[in-house]
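Just so you know, these numbers use all the heavy atoms, side chains as well, and skip hydrogens, waters and symmetry mates.
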Protein chains: 2
Amino acid sequence: MIETGAEPESRAERKLRTRRAILDATLELCTDSSLTALSLRQVAKQVGIVPTAFYRHFDSIESLGLALVEESFDSLRDLFRDVRRNARADQDPSTSSGHRIVDGSIDALVDHVHRRRDHFGFIARERVAGPRSVREAIRREIELCERELATDLALMTGTDTWTAKDLHVLSSLFVTVLVATAEQILSTTRPEQEEQIVATVRTQLRMLLIGVYQWRSES
Amino acid sequence: MIETGAEPESRAERKLRTRRAILDATLELCTDSSLTALSLRQVAKQVGIVPTAFYRHFDSIESLGLALVEESFDSLRDLFRDVRRNARADQDPSTSSGHRIVDGSIDALVDHVHRRRDHFGFIARERVAGPRSVREAIRREIELCERELATDLALMTGTDTWTAKDLHVLSSLFVTVLVATAEQILSTTRPEQEEQIVATVRTQLRMLLIGVYQWRSES
DNA sequence: GTTGTCGGTGTACAGATGTTCACTGAAAGG
DNA sequence: CCTTTCAGTGAACATCTGTACACCGACAAC
């Protein structure tokens with residue numbers, strides 16, 4: 001469609017470009033309304049291809065959704081990597097009860113959500129409203145994240161004597177709060193309201209952390 | 001359609017019955033797929049009326065959704081009432097750190113979610129995937145619940161010296177966990193997995209409660 | 001008993017939907 | 001150079017979509 005100067009572009013590259021265009025168009029089209037309400041023809045029109053050409057890349061909206069799940073969770077894993085790097089740098093016993101880690105993690109969350117509104121919004125929506133297979137894929141990925149976070153938590157001071165079960169319980173709670181916060185950030189555009197959301201979750205995590213530092217696993 | 005014997009049934013009653021049938025049909029049809037993916041004709045067919053008759057009751061799927069929001073939050077308020085009654089009965093200083101209240105509240109949650117799967121599922125889904133006006137209505141209702149819970153929390157031992165802001169922060173965290181738990185319960189049918197979910201949230205709330213009991217509001 | 005109200009019906013239409021099929025034309029491969 | 005591959009085309013289809021309109025017939029009101 002739009003050729004910008006002299007780009008040879010192999011056939012494979014061109015195919016990949018259209019595929020990307022489909023993924024992007026889909027993310028844009030379902031910013032409000034969910035995959036299940038999205039038609040193949042809307043996507044095709046947005047991309048600028050004929051409806052039938054869609055089948056050269058995906059054989060249904062559902063499998064398109066599965067591809068978007070993978071892509072979106074790449075963004076979420078980026079966030080996790082940032083948080084982990086952040087936490088490791090602050091593994092300083094002199095800091096008071098992990099306030100730095102909390103603040104750093106929240107900042108990272110806000111930052112990543114802003115940079116990939118589309119991906120985080122996609123996960124939040126399709127997690128509960130998408131086609132069954134998409135919902136299941138998302139749940140599986142989230143459980144993966146929880147397990148991953150649990151092993152990270154095991155390495156931190158204070159939780160080193162915890163049972164594996166308790167570690168996972170805590171990890172799951174963090175992920176729940178993380179998801180809820182992302183949803184809230186996505187549902188507002190007013191900066192002062194976002195400030196409010198961030199301040200709230202900051203306090204929530206601090207309250208929780210007090211409990212965590214006192215917790216001793218039973219048995 | 002189905003006349004069971006001698007029921008005079010006034011015109012108003014009949015209209016109300018059809019309205020109910022529409023609401024029920026809608027809840028059933030969108031157990032997986034969201035309002036935005038639901039067509040007026042599907043609803044009409046499920047109810048057993050002709051498509052145009054739909055307009056005698058609602059002027060769009062969206063306004064139908066708003067009615068369902070009100071109805072669903074009636075169920076949620078029922079839950080809150082149960083929890084509050086429960087908590088008041090257990091306002092006994094001899095119980096250890098509110099374990100009884102936590103357990104009772106979770107039991108009430110599970111019970112209500114089972115009894116009104118449709119309503120809780122509707123809220124969980126349309127909260128993020130419904131039409132804009134429906135999403136906004138749900139968010140408003142949830143904020144109402146948070147405020148309500150915050151005033152309840154103020155009356156409890158341990159939080160009586162807290163600032164209004166901190167009370168709302170805690171209330172918001174409880175509601176977040178509540179919503180997340182309801183979502184998890186709804187997404188499973190296996191009893192042993194539900195047991196697992198309940199055990200997890202029980203521990204999570206206990207961890208959190210430790211922090212709450214130590215928390216002192218600043219300024 | 002006449003009249004008006006109003007749920008519900010049936011027909012109709014213009015447009016959108018998923019999917020099929022035979023096609024084109026340029027890049028890839030021999 | 002000639003052949004194959006294959007992303008994208010375009011027409012055609014049966015079906016579903018929201019909504020407009022004229023209509024019916026039972027209940028309600030007078």
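- An OP1 or OP2 oxygen of dG8(C) is reached within less than 4.0 angstrom by a side-chain nitrogen or oxygen of Thr18(B).
- Among residue pairs with one or both ends in residues 41-53 of chain A, those qualifying as side-chain hydrogen bond (donor to acceptor under 3.5 Å, both in side chains) are Glu28(A)-Gln46(A), Ser39(A)-Gln42(A); sequence neighbours excluded.
- One interatomic measurement links the two molecules: CD of Gln42(A) to P of dC16(D), which rounds to 19 Å at whole-angstrom precision.
- Rounded to whole angstrom, the span from the NZ atom of Lys45(B) across to the C1' atom of dG8(C) amounts to 18 Å.
- Listed in residue order, the members of residues 52-59 of chain A having a heavy atom less than 4.0 Å from DNA chain D are Thr52(A), Ala53(A), Arg56(A), His57(A).
- Between the NZ atom of Lys15(B) and the P atom of dA28(D) there is a distance of 14 Å, given to the nearest Å.
- In terms of the side chain to side chain contact (heavy atoms under 4.5 Å, CB included) criterion, residue partners of Gln184(A) (sequence neighbours excluded) are, by chain and number, Ile197(A), Arg139(B).
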Polar pairs (N or O, both sides) under 3.5 Å between protein and nucleotides 12-15 of chain C?
none

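- Listed by first then second residue, pairs satisfying salt bridge (Lys or Arg N to Asp or Glu O under 4.0 Å) with a partner in residues 60-74 of chain B read Arg20(B)-Glu71(B), Asp74(B)-Arg77(B), not counting sequence neighbours.
- Annotation: side chain to side chain contact (heavy atoms under 4.5 Å, CB included) contacts of Leu66(B) (sequence neighbours excluded): Ser133(B), Val134(B), Ala137(B).
- Counting only heavy atoms from C-beta on, Ser10(A) has its side chain closest to dA28(C) among dA28(C), dG18(C), dT9(D).
- Under the side chain to side chain contact (heavy atoms under 4.5 Å, CB included) criterion, Ala53(B) pairs with Ile49(B), Val50(B), not counting sequence neighbours.
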List every contact pair, protein side and nucleotides 1-3 of chain D side both N or O, where the distance is under 3.5 Å.
none

Evaluate the criterion salt bridge (Lys or Arg N to Asp or Glu O under 4.0 Å) for residue pair Glu148(B) and Arg84(B); output intermediate values, then yes/no. CA-CA 11 Å; Glu148(B) 197 180 315; Arg84(B) 201 172 304 128; 2.6 Å; yes
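- Looking at residues two or more places apart in sequence or on another chain, you find a side chain to side chain contact (heavy atoms under 4.5 Å, CB included) between Asp103(B) and Arg202(B), Arg206(B).
- The number of heavy atoms from other shown groups lying within 6.0 Å of CD (Glu143(A)) is above 12.
- To the nearest angstrom, C1' of dG18(D) lies 13 Å from CG of Leu38(B).
- Every residue meeting the side chain to side chain donor-acceptor pair (under 3.5 Å) condition with Ser172(A), not counting sequence neighbours, appears here in chain and number order: Gln204(B).
- For Arg11(A), the side-chain atoms get nearest to dA26(C) when compared with the rest of dT9(D), dA26(C), dT17(C).
- For Gln46(A) and dT17(C), the CD to P distance is 13 Å, given to the nearest whole Å.
- Atom CG of Leu40(A) is separated from atom P of dT19(C) by 7 Å (rounded to the nearest Å).
- Heavy-atom distances under 4.0 Å link DNA chain C to no residue of residues 20-29 of chain A.
- When side chains are defined from C-beta on, Ile22(A) counts as touching Thr26(A), because their heavy atoms get closer than 4.5 Å.
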Trace of the salt bridge (Lys or Arg N to Asp or Glu O under 4.0 Å) decision for Lys15(B) with Glu9(B): CA-CA 10 Å; Lys15(B) 175 160 191 183; Glu9(B) 213 176 17; over 6 Å; no
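- Counting to the nearest Å, the C1' atom of dT5(D) and the CZ atom of Arg14(A) are 17 Å from each other.
- Listed by first then second residue, pairs satisfying salt bridge (Lys or Arg N to Asp or Glu O under 4.0 Å) with a partner in residues 108-117 of chain B read Asp111(B)-Arg115(B), Arg116(B)-Asp118(B), not counting sequence neighbours.
- More than 12 heavy atoms of other residues, nucleotides or ligands lie within 6.0 Å of CD in Glu136(A), so this atom counts as buried by the packing criterion.
- Between Leu16(B) atom CG and dG8(C) atom P the separation is 11 Å, expressed in whole Å.
- Remark: Glu195(A) CD to Thr200(A) OG1 distance equals 10.5 Å, nearest 0.5 Å.
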